[in-house]
Amino acid sequence: MAVPCPVSPEELAQRAHACHQTLLAANVRLTTPPVSRLRLVSITPTASKGDRVTSATVAFSFTVEPADCNAWGTIHGGCVFTLCNAAGKIATAVVAGGARNIVSTDLTTNYLAAVPHGATVSVEIECLRVTKSIGFLRGCIKDAQGALCYISVQNVSFDTNDTSK
């Protein structure tokens, strides 16, 4: 459920874009291709406190290419993991303005249904809460019909100059 947002949509989108660019610059050759094809669809703040967004859902679209697939022609588990990892870091950057050096400390993915190459999926990550240096997230990947294909739970740590949290 969306809530009134004390931070402009433009600022939230800028945070997401900046983090995405940082990920692309820092990633190794194996993980950059799928991350570079994540397309931001929406940012929906789900809670706020004072002048801060305290939780938000960030949605992306992603089209599965043959290079993302395993021998059975469906998206490889490593690609799913990479997408959830990157999307979680971007969602953290949206909520924890000023977050940098975002590192996953725990990421669990569960595979519910296969997605074939050529399919376009929705990658939705909710940053549930951030503290001064830790973010708690959950997410999913859905097929074009909205069916759950993969779910994730993630914790991240980060550095920030913001001491107001």
Sorted by chain and number, sequence neighbours left out, salt bridge (Lys or Arg N to Asp or Glu O under 4.0 Å) with D143 holds for none
Indicate the atoms forming the closest heavy-atom contact of [X] with [Y], along with that distance.
X	Y	result
F158	A96	CZ-CB, 3.8 Å
P34	L83	O-CD2, 3.8 Å
V53	A56	CG1-CB, 4.2 Å
C69	H117	SG-CB, 3.3 Å
I43	A16	CD1-CB, 4.1 Å
K142	C140	CE-SG, 3.6 Å

Taking side chain as C-beta onward, heavy atoms only, is [X] less than 4.5 Å from [Y]?
X	Y	value
S133	S157	no
I141	S122	no
V58	E124	no
T82	V35	yes
E126	T46	yes
V156	I134	no

Residues 125-153 vs ring pair (Phe, Tyr, Trp, His ring centres under 6.0 Å), sequence neighbours excluded, gives Y111-Y150
Inter- and intrachain pairs under ring pair (Phe, Tyr, Trp, His ring centres under 6.0 Å), touching residues 50-70, at least two apart: none
Would you mind listing every salt bridge (charged side-chain N to carboxylate O under 4.0 Å, His left out) that reaches into residues 12-23, with sequence neighbours excluded? E11-R15
T54 side chain to A47 main-chain N or O, any donor-acceptor pair under 3.5 Å? yes
Can you measure from [atom1] ([X]) to [atom2] ([Y]) and round to the nearest 0.5 angstrom?
X	Y	atom1	atom2	answer
S61	L38	OG	CG	8.0 Å
R100	T160	CZ	OG1	6.5 Å
L137	K89	CG	NZ	11.5 Å
I125	C127	CD1	SG	10.0 Å

Side chain to side chain contact (heavy atoms under 4.5 Å, CB included) between T63 and R39: does it pass, once the steps are laid out? CA-CA 9 Å; T63 300; R39 297 290 172 243; over 6 Å; no
Show which side-chain atoms of residues 101-108 pair as donor or acceptor with protein atoms under 3.5 Å away, not counting sequence neighbours.
| residue | atom | partner | partner atom | Å |
| --- | --- | --- | --- | --- |
| N101 | ND2 | D159 | OD2 | 2.9 |
| S104 | OG | N85 | OD1 | 2.4 |
| S104 | OG | Q154 | NE2 | 2.8 |
| T105 | OG1 | N155 | O | 3.2 |

What do the steps show when you test V41 against V123 for side chain to side chain contact (heavy atoms under 4.5 Å, CB included), and what is the final call? CA-CA 9 Å; V41 172; V123 181; over 6 Å; no
Mind checking who shares a hydrophobic cluster with I151, ILVMFWY linked at side-chain heavy-atom distances under 4.5 Å? L112, L148
